[in-house]
There are 2 protein chains.
Amino acid sequence: MAVKLDTAPPRGMKDLLPAEVELRDQAAATILATYKRYGFRRVETPALENLKLLLGSGGGENEKLIYKVLKRGAKLDAVTMQREEDLADLGLRFDLTVPLARYYAHNRATLPDPFKAIQIGPVWRAERPQKGRFRQFTQCDIDILGVASEIAEIELILATSSALVALGLEQPRIRVNDRRVLSAMASHCGVDAARHGEFFITLDKLDKIGRDGVERELREAGYDEGAIGKLFELFLSADDGSADGRLERLARVIPAAAEAVQSLRTIVQAVAREAGDRTTLEFDPSLVRGMGYYTGPIFEAVYGGGTSAIAGGGRYDRMVGRLLGHDVPACGFSIGFERVVSILEERGGSAGSPRERIALLFDRDDPMTDVVASAGRLRSGDRVVSLTLKRKNLAKQLDDLAGEGFGSYGVFRPGPAAPEIKPLARRASSEGGADG
Amino acid sequence: MAVKLDTAPPRGMKDLLPAEVELRDQAAATILATYKRYGFRRVETPALENLKLLLGSGGGENEKLIYKVLKRGAKLDAVTMQREEDLADLGLRFDLTVPLARYYAHNRATLPDPFKAIQIGPVWRAERPQKGRFRQFTQCDIDILGVASEIAEIELILATSSALVALGLEQPRIRVNDRRVLSAMASHCGVDAARHGEFFITLDKLDKIGRDGVERELREAGYDEGAIGKLFELFLSADDGSADGRLERLARVIPAAAEAVQSLRTIVQAVAREAGDRTTLEFDPSLVRGMGYYTGPIFEAVYGGGTSAIAGGGRYDRMVGRLLGHDVPACGFSIGFERVVSILEERGGSAGSPRERIALLFDRDDPMTDVVASAGRLRSGDRVVSLTLKRKNLAKQLDDLAGEGFGSYGVFRPGPAAPEIKPLARRASSEGGADG
């Protein structure tokens, strides 16, 4: 026998056990059902994209984390220069938005206008492994392409907050901002337009490194105390009152932000009226969202006392233009499926058992054809029936079966008589899930 | 604006439109529901595996088609020799069986024994693009690990044929053979044990290149007319009568195949008695199945007049041993999801519309908050409601909406009164799907 191989999944990736998959499937079904009621329809793109598409797509730091696929056969043989760009031609997608823009550009002739898409699927980022972060993880996105008005943002926020509530994540808080507000604020603080991107990246760290850390980074980047002071003054002035009131004050201080503020107020008012009892809207002028491709309103959902987002999105009106040659208004909201599932798991969530699970035990000597027929008759009642070889220690086996999520069992007996089905004693399930 | 980029998906891969996804989702749900009734539970592994695991896994020709992922960062910088093996450390899985064996070896302490797994997900193979074949495609597998008896094969075949029937693919034909039968036949024809693998690869082409083609290849490989003649004699002698009768005759001609023949007869008899009215079993001594890892019974499902398999599988008792150090009996059956879906599509299959889809039209000037509230009230009846900006040419727009799968529409009116919902004229849908 050969040398044993490492059986762990690749670093930073994970195997999902049956009970985990059941919880995930149920969560996905809940989200999809909600999104479909809002008129979204699911689409799919391949996991791989041409590297040329992924690079320079506005994905920001994520573009550095792309898993690149080696060229194949003759193509690879033809590589003479050994630069990384020459070796690879495909990459695993790092999000679902860049592929969707390509999909829309490629298929728009057959797609409805406006196009309201659901996507759920894995994305890959070669990040430094850390607790709760994985290198393959699932996102669940909705996007509206072809709508310039704020109705798109309103529908996205309502549908996403409804989905979160349907999952049992009551009272999600939605934080909103606008890239145009950020730009106007940066200009107000004297930041050169060319340096806005870099300024936002520092600002985005406020949650992680605090006000002191941000001030230090800005000072190191050469900003003077005046600019930094002005920035935090803006945050403070926006720091209390309703989202609507804060927005109004901001527009008075920075007239250049007026149009963006008007957008945000439209969104905040409509969402508050429709969903004000089940979600909270906050205007957060320090909200940046990582992706470089956003052009207008940006938003994220936070749950409970947490500060890290469980969903994020925004408007990206210029991404399709890079592909089509003319811009198409576009806007999306993405649920971080892994974070949502981990909240459900922490709560002891379980997918429940919609159907009775029966283990039908048989002996090695029982006629196989009769055993199979007996299971078939039991199963016809839409029950889950799993054939299981009887072990010597029946008491131990029954205990194991209960742990695996079986609710009852029967022992095969020859002839047409159905086996007697007896309940299994419930036990604290480690893996079964179906007991919960 | 930058130069336009190619918007097609990578070569050999495809985008799925909403109606395609709906049909696929419905087919997947049907298959999963059937498999769950047999006691299987879904698990998931990452799309990427360590290349060391994939290479030498018994995947046969498929190992040459692996998409390999370039090492990242420092690891890549450290590469001095420019051999392909040094550049890549991960690969996209080419099937779901090799990852499952790793999964089982890694997680067996927390898995039920026996372990009955469902997997549904994409696999990748860098095959030469051709009609109907894609480089990313979905497989749907069930596997039983830990069961040495034929009950495993019987359950796999019954569950798979039930799933095919549930999809509307009535009367699937199941062709069975056994790797041990193939080996006994090869030895009977004078083929050296070391050359069995190569002999089977040629035999596997019988469907594609016909008897003449196989004879030519065998002659070119140096086999004499005697060996070739003996082989086709075996096929002819097995060429009529019931599967059971053929198996009996074969065991008389090749006593070395007796044990394998007994396995196959047990399987054939049990499946015939349980599912004889909805599926046909055939013994096909020329059936090989491509993968090198099979050790015992092998089987595939064929539908209608077709000759190419829509599902395939078999026993692979030695794969887990490569990882664990000791063998674990294992057996699986994999539905070629793409082929099944393309049969459903050719039939004009459609996912149907479980819920009413309503387009709620509004004007640019309507108060957005009221429009959203009106949609919310309509939606609360569990209906699908999609907000849509009213266009100038209403007749054209209504026609388009019908084509997109909407069954009815309403026009927003101010105030608390609900909009009047009117049916849309049905039209031959190109894309909508929900009309069917």
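Every chain is numbered from 1 and lettered A, B, ... according to where its sequence line falls, protein lines coming before strand lines.
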Which of the residues [options] is involved in the greatest number of heavy-atom pairs with chain A at under 4.5 angstrom?
options                                : answer
B:Val21, B:Thr369, B:Asp15, B:Val385   : B:Asp15
B:Pro367, B:Ala272, B:Pro122, B:Ala270 : B:Ala270
B:Asp370, B:Thr388, B:Leu401           : B:Asp370
B:Arg42, B:Arg24, B:Arg364             : B:Arg42
B:Lys116, B:Gln397, B:Lys52, B:Glu274  : B:Glu274

May I ask you to test the [X]-[Y] pair for a side-chain heavy-atom distance under 4.5 Å?
X        : Y        : answer
A:Glu49  : B:Pro10  : yes
A:Leu48  : B:Gln136 : no
B:Pro9   : A:His106 : yes
B:Leu92  : A:Leu92  : yes
B:Leu111 : A:Pro18  : yes
B:Val147 : A:Leu389 : no

Problem set entry | Under 4.5 Å from a heavy atom of chain B, the part of A:Tyr104 involved | neither

Problem set entry | Whether B:Arg273 side chain and A:Ala373 backbone form a donor-acceptor pair below 3.5 Å | no

Exercise. Okay, side chain of B:Tyr103, backbone of A:Leu16: is any donor-acceptor separation there less than 3.5 Å?
Worked result: yes

Quick one: closest heavy-atom pair of [X] and [Y], and the distance?
X        : Y        : answer
A:Met368 : B:Glu150 : SD-C, 3.9 Å
B:Glu404 : A:Arg41  : O-NH1, 3.2 Å
B:Asn50  : A:Ala8   : ND2-O, 3.9 Å

Exercise. If you count heavy-atom pairs under 4.5 Å with chain B, which of A:Arg135, A:Gln269, A:Lys64, A:Lys14 comes out on top?
Worked result: A:Lys14

For this session: Select, from A:Thr266, A:Leu90, A:Leu65, A:Asp25, the one with the greatest count of heavy-atom pairs under 4.5 Å involving chain B.
Result: A:Asp25

Problem set entry | Identified side-chain contact (heavy atoms from CB on, under 4.5 Å) partner of A:Ile154 from the options B:Leu387, B:Val372, B:Val371 | B:Val372

Considering only heavy atoms, which portion of [X] lies under 4.5 Å from any heavy atom of chain A: side chain, backbone, both, or neither?
X        : value
B:Ile118 : neither
B:Phe134 : neither
B:Thr45  : both
B:Ala47  : both

Exercise. Taking the six-membered ring of A:Tyr67 as reference, does the NZ or CZ atom of B:Arg72 fall below 6.0 Å from its centre and within a 45° cone about the axis?
Worked result: no

Exercise. Atom CG in A:Leu324, atom OG1 in B:Thr7: separation rounded to 0.5 Å?
Worked result: 7.0 Å

